[in-house]
Amino acid sequence: MIEVLRSRVTGPLEPYAAGFAVELARLGYTANSAAAQVSVVAHLNRWMAGEQLDAVHLVEPIVERYMAARRAAGYSNYRTARALHPLLTFLRGVGVEPPRT
C-alpha cells in the first residue's frame, strides 16, 4: 500500500498510482484535482480487488460495471466512464493493455 495525494492506494493499480500522480501534475492538474483523480483510483482499486481483476482487465464493460456500482453506492461525482479517461490513457501509455481476444 502506498499513499498518494492523500489517498491510500492498495490493490491491482498500486504499482501505477505514483506515476499517475506525476502524470497528472505534468498535465497541469491542480493539487486538488489530482487528489480527486487519485481518490477515484483508490476506490476503483478496492472494487477491482473485490472482483479479482487486474489492471489489464480495465476494458469498457468492466469500467461500466464499476461505474454502475459507484452510482449504486450513492457517489455523486466521478460516476461515468469519462472519469477514468485520464487513468486509462496513462495505463495504455505505460504499456498496460487488455489481453487480445
Side-chain angles (χ1 to χ4, degrees):
M1 173 185 59
I2 63 170
E3 189 160 324
V4 177
L5 297 174
R6 303 184 306 247
S7 291
R8 287 196 175 126
V9 181
T10 182
L13 298 175
E14 181 178 342
Y16 309 103
F20 181 55
V22 169
E23 178 65 3
L24 292 173
R26 187 190 72 77
L27 292 171
Y29 280 69
T30 66
N32 285 339
S33 293
Q37 282 288 323
V38 173
S39 177
V40 172
V41 170
H43 185 255
L44 173 61
N45 248 328
R46 292 188 298 273
W47 181 84
M48 289 175 66
E51 297 288 316
Q52 299 181 322
L53 298 170
D54 200 1
V56 298
H57 295 113
L58 282 176
V59 294
E60 187 176 342
I62 299 299
V63 169
E64 290 300 332
R65 249 178 55 207
Y66 165 68
M67 288 303 175
R70 190 168 170 83
R71 288 188 297 270
Y75 284 87
S76 60
N77 55 12
Y78 300 98
R79 298 164 33 114
T80 67
R82 185 173 179 212
L84 293 182
H85 180 73
L87 173 66
L88 296 175
T89 300
F90 170 76
L91 290 174
R92 301 308 177 247
V94 297
V96 177
E97 297 286 338
R100 295 180 190 251
T101 56

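All values below come from the heavy atoms of this structure, side chains included, with hydrogens, waters and symmetry mates left out. Throughout, residue positions are numbered sequentially from 1 according to the sequence presented.
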Search all heavy atoms of Ala81 against all heavy atoms of Glu64 and return the closest pair with its distance. CB-OE2, 3.4 Å

Taking it one step at a time, do Tyr66 and Glu51 satisfy side-chain contact (heavy atoms from CB on, under 4.5 Å)? CA-CA 10 Å; Tyr66 165 68; Glu51 297 288 316; over 6 Å; no

Nearest 0.5 angstrom please: Gln37 CD to Leu84 CG, how far? 8.0 Å

Close side-chain approach of Thr89 and Glu23, heavy atoms under 4.5 Å: no

Scan Val56, Leu44, Asn45, Leu58 and name whichever one has a side-chain contact (heavy atoms from CB on, under 4.5 Å) with Pro12. Asn45

Between His43 and Tyr75, does the ring centroid distance fall short of 6.0 Å? yes

Can you confirm whether Leu87 sits close enough to Val40 that some side-chain heavy atom of one is under 4.5 Å from a side-chain heavy atom of the other? no

Tell me, do Arg70 and Asn77 make a side-chain contact under 4.5 Å, heavy atoms counted? yes

What distance do Arg82 atom CZ and Met67 atom CE have between them, rounded to the nearest 0.5 Å? 12.0 Å

Once rounded to the nearest 0.5 Å, what's the spacing between atom CH2 of Trp47 and atom CD1 of Ile62? 5.5 Å

Restricting to non-hydrogen atoms, name the atom on Arg92 and the atom on Glu97 that form the minimum distance, rounded to 0.1 Å. O-OE2, 3.7 Å

Can you find a heavy atom in the side chain of Tyr78 that is under 4.5 Å from one in the side chain of Ser39? no

OH/Tyr16 to CG/Leu91 distance, rounded to the nearest 0.5 angstrom? 7.0 Å

Do you reckon Leu13 sits in the same ILVMFWY cluster as Val22, going by side-chain contacts under 4.5 Å, direct or chained? no

Nearest-0.5 Å distance, OG of residue Ser76 to CZ of residue Arg71: 13.0 Å

Side chains of His85 and Leu88, heavy atoms from C-beta outward: is any pair under 4.5 Å? no

